[in-house]
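The structure appears below as structure tokens.
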Amino acid sequence: MHELAVAESLIKTVLEKSEDEEASRVVKVTIVVGNLAGVVTDSLHFCFDEVARDTIAEGATLEIETVSATAFCQSCRDEFEVGQYDFACPRCGGVIIPSGGMELYIKDIEIE
């Protein structure tokens, strides 16, 4: 399960930053996830809660902001959002150049 490794890494970073700030509790963690990053957000929520158990992050809210990849069509010069299995321009069928969608980072940690 890929999301378990992501949650473990996420909690490790959150706890390190919280310790640096001498926090007593983590209230909320906001992360940014690209739609092509291969992360199942429901599974990540579950894994986050399990990994956070018995830490100062237990009960913290995990907020996930999803970012969509975009693509540029070389033929019709249209730009549009794309999903994981989009390989051609939906307007003309031309070759597309995808951009973004692989983001996976912590945006904000709210502590007390």
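Only a predicted model underlies this, so the values are computations on that prediction, with no experimental measurement involved.
Between Cys76 and Cys92 the shortest heavy-atom distance is SG-SG, 3.8 Å. Nearest heavy-atom pair, Leu36 versus Gly100, reported as atom, atom and distance to 0.1 Å: CD1-O, 3.9 Å. When all heavy atoms are compared, the tightest approach of Leu62 to His45 is O-CE1, 2.8 Å. Scanning both residues, Ser75 and Gly94, for their nearest heavy atoms gives OG-CA, 3.8 Å.
One N or O on the side chain of Glu3 and one on the backbone of Val40 form a donor-acceptor pair closer than 3.5 Å.
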Table please: side-chain donor-acceptor pairs of residues 48-58 below 3.5 Å, with sequence neighbours left out.
unit_1 : atom_1 : unit_2 : atom_2 : d
Glu50  : OE1    : Arg53  : NH2    : 3.1
Glu50  : OE2    : Arg53  : NH2    : 2.7
Thr55  : OG1    : Ala52  : O      : 2.6
Thr55  : OG1    : Ala57  : N      : 3.0
Glu58  : OE1    : Asp54  : N      : 2.8

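Atom CD of Glu103 sits about 10.5 Å away from atom OG1 of Thr66, to the nearest 0.5 Å. Atom-to-atom distance recorded for Glu81:CD and Asn35:CG is 7.5 Å, nearest 0.5 angstrom. Rounded to the nearest 0.5 Å, atoms OG (Ser24) and CD (Glu112) are 6.0 Å apart. Interatomic distance, NE2 of His2 versus CG of Leu44, reported as 8.5 Å (0.5 Å rounding). With rounding to the nearest 0.5 angstrom, the CG atom of Leu4 is 11.0 Å from the OG atom of Ser9. Distance CD/Glu63 to CD/Glu110: 9.5 Å, rounded to 0.5 Å.
Considering only heavy atoms from C-beta on, Ile106 comes within 4.5 Å of Thr13 through its side chain. Side-chain atoms of Ile97 and Gln74, non-hydrogen and from C-beta on, do get closer than 4.5 Å to each other. Between Val27 and Thr61 the shortest side-chain heavy-atom distance does not fall below 4.5 Å. Using a 4.5 Å heavy-atom cutoff, the side chains of Leu104 and Val6 are in contact.
Within the structure, salt bridge (Lys or Arg N to Asp or Glu O under 4.0 Å) contacts touching residues 30-41 (residues at least two apart or in different chains) do not occur.
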Audit row: Ile31, Leu10, side chain to side chain contact (heavy atoms under 4.5 Å, CB included) steps and yes/no:
CA-CA 9 Å; Ile31 63 170; Leu10 177 61; 3.7 Å; yes
Side chain to side chain contact (heavy atoms under 4.5 Å, CB included) between Glu65 and Val33, intermediate numbers included: CA-CA 6 Å; Glu65 296 179 4; Val33 178; over 6 Å; no
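Under the 4.5 angstrom side-chain criterion for Ile, Leu, Val, Met, Phe, Trp and Tyr, the cluster partners of Tyr105 are Val32, Val67.
Shown here is Glu16, whose CD atom has more than 12 heavy atoms of other residues, nucleotides or ligands within 6.0 Å.
For the side-chain contact (heavy atoms from CB on, under 4.5 Å) with Ile96, the qualifying choice from Phe80, Phe87, Phe72 is Phe80, the only one to do so.
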